[in-house]
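This report concerns only the one structure given below.
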Amino acid sequence: MEQEYIILLQKILVVLFSVTLFWKIIKHICGLLVIEKEPVTVLVTGAAGQIGYALLPMIARGVMLGPDQPVIIHMLDIEPAAEALNGVKMELIDAAFPLLKDVVATTDVVEACQGVNIAVMVGGFPRKEGMERKDVMSKNVSIYKAQASALEQHAAPDCKVLVVANPANTNALILKEFAPSIPEKNITCLTRLDHNRALGQISEKLNVHVSDAWNVIIWGNHSSTQYPDINHATVKTTNGEKSVRDAIANDNWLNTEFITTVQQRGATIIKARKLSSALSAASAACDHIRDWVLGTPKGTWVSMGVYSDGSYGIQPGIMYSFPVTCEKGQWSIVNGLKIDELSREKMDATAKELMDEKTLAYSCLIDD
């Protein structure tokens, strides 16, 4: 009997060894079959500036497109920034990012746009003391008209564009006008920074983690007229999920201080740092592209500046921030949300500002 047990045990051990060996062979074969993804070429304009300096390592580390997506980075800046741009290139090389397959640093817009899959337009002309709005708009119209032409002729046909430089909505509109072969749904502007700021304010007010609040909305322009809307937002509390309005239970704060804090957050940071909010803008740009390319989590939406199709009574023909969901590289406006009287008023006010900006931009084109 004892001999039979020994034989049985030997057989079990042989079977276990065989299964383990077989599994290791299968894993090895699968490992050989894993093909590295083709690199995605990402353009960053204004790459020698503050936002570019914060954004580039995030892209190279996989924050924007995922931890298994190789990237080629194209950096563009103006001629006076060429030396600084080359310094940024040296740092990217020195950082030895595993996902970074190549870096191009150039002041030639055609070279920069060659074969680009994703374009993050950070470069623009900032408003300086004593400058009129039309002067700033005129400078940016010229920049985005030229860059639109280069993207249209040299970027990949499915290139996705995110405009960050202010006035972001109208810069994106100009780019769309002068790159007609790029699908209008592929041209967007950044309001995710404002969206993230709104979530941050809610998390601070309720003392919850920022990931425990979702579905805020930024309507309209990336400016001080934007409307941060929490009427459809939810927060996870120790007592379960609640609407943000119910959880905060302070309509006066939500309808006044909360809105102005988000609207003016950029100016507040400049006053504190004596520099713009480069880090949070770079992080928001990564969030925007990542969700657009890889999709938004089920049941949540994000804010993106997109070309208005008339949803929510917003006039078509302007770049306006809406709540969107993303799937398979495409965004869709979330429709059917109830809009109260206060929201309607604020949504229309920011739309009016965008129409005024559009008129001003087109007058610059006529003068050009």
Side-chain angles (χ1 to χ4, degrees), residues 162 169 185 188-222 225-251 253-263 265 280 283-306 308-309 311-314 319-348 350-351:
L162 167 61
N169 299 57
K185 289 200 76 165
T188 64
C189 71
L190 186 71
T191 56
R192 183 61 175 271
L193 175 55
D194 310 299
H195 182 102
N196 289 349
R197 285 168 171 167
L199 289 174
Q201 290 303 303
I202 291 164
S203 77
E204 291 280 297
K205 187 74 171 176
L206 291 172
N207 196 28
V208 298
H209 193 271
V210 72
S211 63
D212 288 333
W214 59 93
N215 289 357
V216 298
I217 302 168
I218 302 298
W219 299 101
N221 199 2
H222 175 62
T225 69
Q226 65 176 263
Y227 172 43
D229 179 4
I230 54 79
N231 288 312
H232 312 280
T234 302
V235 63
K236 189 190 295 181
T237 71
T238 51
N239 299 319
E241 291 183 5
K242 289 185 178 182
S243 76
V244 165
R245 192 170 284 281
D246 288 347
I248 290 177
N250 185 339
D251 283 354
W253 182 82
L254 285 168
N255 293 339
T256 55
E257 187 182 337
F258 165 75
I259 292 172
T260 55
T261 297
V262 177
Q263 288 173 334
R265 188 68 162 183
S280 52
S283 180
C286 286
D287 292 343
H288 177 112
I289 296 290
R290 184 181 61 250
D291 286 341
W292 188 4
V293 172
L294 302 178
T296 46
K298 190 168 181 171
T300 67
W301 60 66
V302 293
S303 301
M304 286 172 63
V306 299
S308 174
D309 62 357
S311 293
Y312 295 100
I314 301 303
M319 286 284 178
Y320 190 96
S321 181
F322 289 97
V324 303
T325 56
C326 304
E327 188 177 4
K328 296 178 181 175
Q330 299 293 324
W331 57 262
S332 303
I333 293 173
V334 176
N335 280 301
L337 299 175
K338 189 177 176 185
I339 305 299
D340 64 19
E341 192 176 335
L342 175 69
S343 297
R344 183 76 267 164
E345 181 185 316
K346 291 188 177 297
M347 288 164 68
D348 289 346
T350 191

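Side-chain contact between V306 and K185: absent, with no pair of heavy atoms (C-beta onward) separated by less than 4.5 Å. The side-chain heavy atoms of M347 and I339, taken from C-beta on, include a pair separated by under 4.5 Å. For the pair N335/S311, a side-chain contact is recorded, criterion being any heavy-atom separation below 4.5 Å from C-beta on. By the 4.5 Å heavy-atom criterion applied to side chains, I259 and Y227 are counted as neighbours. Side-chain contact between W331 and V302 is absent, with no heavy-atom pair separated by less than 4.5 Å. Annotation: side chain of I217 is in contact with side chain of L337 (closest heavy-atom distance under 4.5 Å). Residues H232 and P323 fail the side-chain proximity criterion, which asks for heavy atoms closer than 4.5 Å. The side-chain heavy atoms of I248 and F258, taken from C-beta on, include no pair separated by under 4.5 Å.
A distance of 5.0 Å separates CG in N196 from CG in D287, rounded to the nearest 0.5 Å. A distance of 11.5 Å separates CG of N169 from OG of S308, quoted to the nearest 0.5 Å. Summarising the geometry, atom CG belonging to L162 is positioned 8.0 Å from atom SG belonging to C189; distances are rounded to the nearest 0.5 Å. Note: K346 NZ to T225 OG1 = 10.0 Å, rounded to the nearest 0.5 Å. R265 CZ to L193 CG: the interatomic distance, rounded to the nearest 0.5 Å, is 10.0 Å. Rounding to the nearest 0.5 Å gives a distance of 10.0 Å between CE of M304 and OG of S332.
Heavy atoms only, all atoms of each residue included: A198 and V216 are closest at CB-CG2, 4.1 Å. Contact between G200 and V210 at its shortest, heavy atoms only, is N-CG2, 4.0 Å. For D291 against C326, the heavy-atom pair with the smallest separation is O-CB, 3.1 Å. The shortest non-hydrogen separation linking A351 to I314 is CB-CD1, 4.3 Å.
Scanning for side chain to side chain contact (heavy atoms under 4.5 Å, CB included) contacts around T234 gives W214, E241, with sequence neighbours left out. H195 is linked by a ring-ring contact (aromatic ring centres under 6.0 Å, His included) to nothing, counting only residues two or more places apart in sequence or in another chain. The side chain to side chain donor-acceptor pair (under 3.5 Å) check on R245 picks up N231, D251, N255, with sequence neighbours excluded.
Side chain of N215 to main chain of W301: a donor-acceptor pair is present (N/O by atom type, distance under 3.5 Å, no hydrogens or angles). Proximity of a side-chain donor or acceptor of T191 to a complementary backbone N or O of I218 within less than 3.5 Å is not detected.
The aromatic rings of W292 and H288 sit perpendicular, their planes meeting at an angle over 60°, well past the 30° parallel limit. Classification of the Y312-W219 ring pair by plane angle, with boundaries at 30° and 60°, yields perpendicular.
Sorted by first and then second residue, the pairs that involve residues 193-202 and meet salt bridge (charged side-chain N to carboxylate O under 4.0 Å, His left out), not counting sequence neighbours, are D194-R197. The side-chain hydrogen bond (donor to acceptor under 3.5 Å, both in side chains) analysis of residues 200-210, with sequence neighbours excluded, yields the pairs H209-S211. For residues 326-340, no pair satisfies salt bridge (charged side-chain N to carboxylate O under 4.0 Å, His left out), with sequence neighbours left out.
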Walk me through whether Q226 and V262 qualify under side-chain contact (heavy atoms from CB on, under 4.5 Å). CA-CA 9 Å; Q226 65 176 263; V262 177; 3.6 Å; yes

